[in-house]
There are 2 protein chains.
Amino acid sequence: MQTDAALSILTALAHPTRLSTFRLLVQHEPDGLSTGQLVEASGLSQSTFSTHLAVLVKAGLVVPEKRGRQQIQRVSIDALRGLILFLAKDCCGGRADLCEPLLAELTCC
Amino acid sequence: MQTDAALSILTALAHPTRLSTFRLLVQHEPDGLSTGQLVEASGLSQSTFSTHLAVLVKAGLVVPEKRGRQQIQRVSIDALRGLILFLAKDCCGGRADLCEPLLAELTCC
DNA sequence: GAATTGCATCGGATAAATCCGATAGATGCA
DNA sequence: TGCATCTATCGGATTTATCCGATGCAATTC
C-alpha cells in the first residue's frame with residue numbers, strides 16, 4: 001500500500017457516517033447490504049449518503065455489485081488489511097520491539 | 001477504544017503532513033524529535049505545522065514532553081494499537097473467518 | 001534585566017467538505 | 001409502452017479545514 005492509497009482510506013474512514021457504514025458492512029459480511037438499506041441506517045438524505053458512499057468506494061473500502069435495480073455493497077477486507085499493514089509497517093520494519101506488543105493483542109482473537 | 005476516539009485518530013492521520021509526521025516519529029522511537037525538527041521536515045510554516053501537531057496530540061497519537069525550551073514529540077504506540085484493534089474488532093468479534101487472513105499477514109513480521 | 005530562542009495562538013484569507021432538494025438515468029413491473 | 005423504484009449527479013448554501021504572517025508567552029543566555 002502506497003501513502004496516497006492509505007490517505008484515501010484514512011480520509012474515507014474519518015467521518016462518522018462513513019465509519020459507521022463501513023463497520024456496518026463488516027458486520028454483514030459476506031452478504032452485504034443494499035444502498036437503500038445503508039441510506040436508511042445513516043439517517044441522512046439519499047443524495048448526501050450517496051456522496052459518502054462514493055468516497056468509500058473510491059478508496060476501495062467498499063465494492064458495489066449490481067443486482068437488478070439495487071446496488072449491493074460489500075467491504076473489502078483486503079483494503080482493511082492493507083491499511084493495518086501500512087500503519088504497522090513502520091514499526092515492524094526492523095523494529096520488532098515495537099511490533100511485538102502490537103501483535104500480542106491482535107493474536108488474542 | 002470508543003468510536004469518537006477512533007474518529008479523532010483517523011481524522012488526525014487523514015492528512016499528508018500529519019501522516020508523514022506520525023510515521024517519522026514512529027521511525028524515531030523511542031528518542032522522539034523536537035517540534036522544530038518536525039517543522040523543518042514538514043516544509044510548512046511554523047504556525048501551520050503547530051496546528052497540525054496539535055491535532056495529533058489531541059488525538060493522543062503524539063505525546064509531547066518539555067525539555068528546556070524545546071518540546072520533544074513521541075508517538076503513542078498504545079494509540080496506534082488501539083486504532084488497529086478498533087478496526088479489526090468488528091471482524092474479530094465472532095468472525096474468526098474474516099480475522100484469520102488479516103492476522104496471517106500481520107504475524108509475518 | 002535585556003535579548004534570543006522555541007513554540008503556541010490569533011486574525012483573516014482561501015479552499016474544501018458537507019448537507020440538502022431537485023433532477024437524471026437505468027432497471028424492473030404492470 | 002407507461003409507471004414506479006433505486007441510485008447517481010447537479011446546483012447552491014453553509015460550515016469546516018488549511019494556510020500564512022504577526023503576535024504572545026515562557027525558558028534560556030548574555
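Labels below follow one simple rule: chain letters A, B, ... track the order of the sequence lines, proteins then strands, and each chain is numbered from 1.
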Original post:
Pairs in or reaching into residues 34-43 of chain A: which pass side chain to side chain donor-acceptor pair (under 3.5 Å), with residues at least two apart or in two chains?
Top reply: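 For residues 34-43 of chain A, and leaving out neighbouring residues, the side chain to side chain donor-acceptor pair (under 3.5 Å) pairs sorted by first residue read A/S34-A/Q37, A/T35-A/Q73.
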Can you give me the N/O atom pairs linking the protein to nucleotides 8-16 of chain D at distances under 3.5 Å, or say none if there are none?
unit_1 : atom_1 : unit_2 : atom_2 : d
D/dA8  : OP2    : A/S50  : OG     : 3.0
D/dA8  : N7     : A/Q46  : NE2    : 2.7
D/dA8  : N6     : A/Q46  : OE1    : 2.9

Distance, rounded to the nearest Å, where [X] contributes [atom1] and [N] contributes [atom2]:
{"X": "A/R18", "N": "C/dC19", "atom1": "CZ", "atom2": "C1'", "value": "13 Å"}
{"X": "B/F49", "N": "C/dG6", "atom1": "CZ", "atom2": "P", "value": "15 Å"}
{"X": "B/L38", "N": "C/dA8", "atom1": "CG", "atom2": "P", "value": "10 Å"}
{"X": "B/Q70", "N": "C/dA8", "atom1": "CD", "atom2": "P", "value": "12 Å"}

Going by heavy atoms in the side chains, are [X] and [Y] under 4.5 Å from each other?
{"X": "A/T3", "Y": "B/L19", "result": "yes"}
{"X": "B/L53", "Y": "B/V62", "result": "yes"}
{"X": "A/T21", "Y": "A/F49", "result": "yes"}

**OP:** Name all residues meeting the side-chain hydrogen bond (donor to acceptor under 3.5 Å, both in side chains) criterion together with B/H15; count only those two or more places apart in sequence or in a different chain, and write none if there are none.
**Re:**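 side-chain hydrogen bond (donor to acceptor under 3.5 Å, both in side chains) list for B/H15, sorted by chain: empty.
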**OP:** Report the residues that fulfil side-chain hydrogen bond (donor to acceptor under 3.5 Å, both in side chains) with B/E65, sequence neighbours left out, ordered by chain and then residue number.
**Re:** B/R74
Specify the closest pair of heavy atoms between [X] and [Y], including all atoms of both residues, with the distance to one decimal.
{"X": "B/A14", "Y": "A/L7", "value": "C-CD2, 3.8 Å"}
{"X": "B/P64", "Y": "B/V57", "value": "CD-CG1, 3.9 Å"}
{"X": "B/L10", "Y": "A/L13", "value": "CD1-O, 3.5 Å"}

**OP:** State yes or no: do B/L80 and B/M1 share one hydrophobic cluster built from I, L, V, M, F, W and Y residues joined by side-chain heavy-atom distances below 4.5 Å, directly or via other members?
**Re:**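 Looking at the clustering, B/M1 is in the same group as B/L80.
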Subject >> Between B/T48 and B/S45, a side-chain donor and acceptor under 3.5 Å >> reply: yes
Between the protein and nucleotides 27-30 of chain C, list the N/O to N/O atom pairs that are separated by less than 3.5 angstrom.
unit_1 : atom_1 : unit_2 : atom_2 : d
C/dT27 : OP1    : A/K66  : NZ     : 3.2

Subject >> Presence of A/H15 side-chain N/O under 4.0 Å of C/dC19 phosphate oxygens OP1/OP2 >> reply: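 It does, given that an N or O in the side chain of A/H15 lies less than 4.0 Å from OP1 or OP2 of C/dC19.
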Original post:
Is any side-chain nitrogen or oxygen of B/H52 closer than 4.0 Å to OP1 or OP2 of D/dC19?
Top reply: yes
Subject >> Residues in contact with DNA chain D, drawn from residues 1-13 of chain A - heavy-atom cutoff 4.0 Å >> reply: none
